[in-house]
Amino acid sequence: MQKKPFNPAGPRRPNPVRNPQQRRGPATAKDQYATNEQIRAREVRLVGDNVTTGIYSIREALEIAEEQGLDLIEISPTAEPPVCKILDYQKFLYQQKKHQKEQKAKATKVVVKEIRFGPQTDDHDYNFKLKHAIGFLQEGAKVKAYVFFRGRSILFKEQGEVLLLRFANDLEEYGKVEQMPVLEGKRMILMISPKKK
């Protein structure tokens with residue numbers, strides 16, 4: 001058996017990356033959409049303001065894009081035939097980024113503020129906490145109000161429920177009940193979310 005010559009660099013592997021479009025790693029916004037000659041379909045459906053909507057051969061679609069000095073962008077590759085738009089690709093990517101930013105801004109994190117009561121909270125303390133809850137709801141935060149039962153005070157769970165229902169009733173103008181009072185261990189919890197302005 002003949003020995004193979006020793007190669008200090010190890011066995012040579014063919015380079016899997018032949019063109020930049022096939023590179024590994026997460027797809028960036030830039031290579032998310034096939035454009036111009038990268039589109040593999042024989043025919044495409046053209047949509048948009050600057051074209052007559054319809055099905056065109058890929059050659060016709062590319063010619064239309066070239067006449068307008070724009071790019072043919074495949075926006076829905078899974079459709080039959082794929083849907084394409086004729087736009088400036090850089091402008092298109094910018095609009096996509098802007099749209100994603102707006103979506104993120106809309107999906108802001110929900111803040112939950114907690115308000116704790118004892119089963120026998122007096123009126124002064126109750127009103128003080130109610131004022132805080134109104135402020136939280138007006139700021140757009142959710143309010144998680146709970147009655148904490150320490151030791152044998154669990155015997156007063158009906159009192160705790162009445163207190164939370166009164167609290168929900170007093171906040172009716174500012175928020176809606178998301179979860180009615182529920183006993184979880186030593187706490188009875190009520191969730192109130194702000195009303196949409």
Side-chain angles (χ1 to χ4, degrees), residues 7 9-114 133-144 168 171-180 182 189-197:
N7 180 355
R12 284 193 65 202
R13 289 190 189 97
N15 186 353
V17 181
R18 284 205 174 78
N19 77 40
Q21 290 309 65
Q22 289 177 329
R23 71 175 176 270
R24 285 183 173 163
T28 60
K30 272 196 171 159
D31 54 21
Q32 197 175 354
Y33 300 95
T35 57
N36 305 324
E37 282 76 23
Q38 295 168 359
I39 300 167
R40 295 276 160 249
R42 283 215 301 266
E43 53 181 25
V44 295
R45 181 184 299 278
L46 278 185
V47 295
D49 309 328
N50 48 358
V51 292
T52 308
T53 300
I55 295 173
Y56 296 81
S57 75
I58 188 70
R59 206 163 46 85
E60 288 174 315
L62 284 167
E63 279 171 13
I64 295 167
E66 209 170 303
E67 279 168 21
Q68 295 184 20
L70 297 169
D71 299 296
L72 182 67
I73 306 165
E74 190 178 50
I75 54 167
S76 183
T78 54
E80 208 40 68
V83 179
C84 293
K85 265 187 173 181
I86 292 176
L87 296 163
D88 178 312
Y89 190 48
Q90 293 309 317
K91 197 174 175 182
F92 173 73
L93 286 178
Y94 171 74
Q95 284 171 342
Q96 290 297 102
K97 254 187 201 164
K98 195 175 165 188
H99 179 67
Q100 283 169 351
K101 258 188 190 167
E102 283 168 9
Q103 292 297 93
K104 256 188 196 168
K106 278 180 189 169
T108 47
K109 284 179 184 161
V110 178
V111 179
V112 178
K113 299 281 189 178
E114 290 193 354
I134 290 169
F136 295 148
L137 290 167
Q138 284 174 333
E139 286 165 17
K142 282 187 180 186
V143 172
K144 179 182 185 176
L171 291 172
E172 210 173 5
E173 205 180 310
Y174 308 96
K176 60 179 188 292
V177 175
E178 202 173 272
Q179 177 191 305
M180 290 302 270
V182 176
I189 299 164
L190 169 80
M191 285 295 286
I192 300 173
S193 53
K195 278 191 174 171
K196 286 188 171 72
K197 285 169 188 165

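By convention here, the first residue in the shown sequence is residue 1. Note that this is a predicted model, so its numbers are computed, not measured.
Annotation: the span from S57 atom OG to E63 atom CD amounts to 7.5 Å, rounded to 0.5 Å. Residue C84 holds its SG atom at 6.5 Å from CG of L46, rounded to the nearest 0.5 Å. Within the model, atoms NZ of K91 and CG of L93 stand 13.0 Å from one another, a figure rounded to the nearest 0.5 Å. To the nearest 0.5 Å, atoms CD (E172) and CD1 (I192) are separated by 10.0 Å.
The backbone N or O of Q90 lies less than 3.5 Å from a partner atom in the side chain of D88, making a donor-acceptor pair. D71 places no side-chain N or O within donor-acceptor distance of the main-chain N or O of T35, the cut-off being under 3.5 Å. Of the possible donor and acceptor atoms, none in the side chain of E139 sits under 3.5 Å from a partner among the backbone N and O of F136.
The side-chain heavy atoms of H99 and Q95, taken from C-beta on, include no pair separated by under 4.5 Å. Between P81 and I55 there is a side-chain heavy-atom pair separated by less than 4.5 Å. Using a 4.5 Å heavy-atom cutoff, the side chains of S193 and K176 are in contact. Using a 4.5 Å heavy-atom threshold, the side chains of L70 and L87 count as separate. Side-chain atoms of Q179 and I189, non-hydrogen and from C-beta on, do get closer than 4.5 Å to each other. Side-chain atoms of Y56 and E43, non-hydrogen and from C-beta on, never get closer than 4.5 Å to each other. Side chains of Q138 and P194 form no contact here, defined as non-hydrogen atoms less than 4.5 Å apart. A heavy-atom distance below 4.5 Å is found between the side chains of I86 and I64.
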Working for side chain to side chain contact (heavy atoms under 4.5 Å, CB included), residues N36 and I73: CA-CA 7 Å; N36 305 324; I73 306 165; over 6 Å; no
Given the rule in the side chain to side chain contact (heavy atoms under 4.5 Å, CB included) test, do L171 and V177 qualify, once you have shown the distances and angles that lead to the verdict? CA-CA 9 Å; L171 291 172; V177 175; over 6 Å; no
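The two residues V44 and I39 come nearest to each other via the heavy atoms CG1-CG2, 4.2 Å. Taking all atoms of both residues into account, the shortest heavy-atom contact from A141 to K113 is CB-CG, 3.9 Å. Residues A79 and V83 come closest through the heavy atom pair CB-CG2, 3.9 Å. Annotation for V143 and A133: closest pair CG2-O, 4.0 Å, computed over non-hydrogen atoms. Here the closest non-hydrogen pair linking K142 and M191 is CD-CE, 4.2 Å.
Annotation for E178: atom CD counts as buried by contact number, over 12 foreign heavy atoms lying within 6.0 Å. Atom CD of Q68 has more than 12 neighbouring heavy atoms from other residues, nucleotides or ligands inside a 6.0 Å radius.
In this view, K144 satisfies the side-chain hydrogen bond (donor to acceptor under 3.5 Å, both in side chains) rule with no residue, not counting sequence neighbours.
A centroid separation of less than 6.0 Å is found between the aromatic rings of F92 and Y33.
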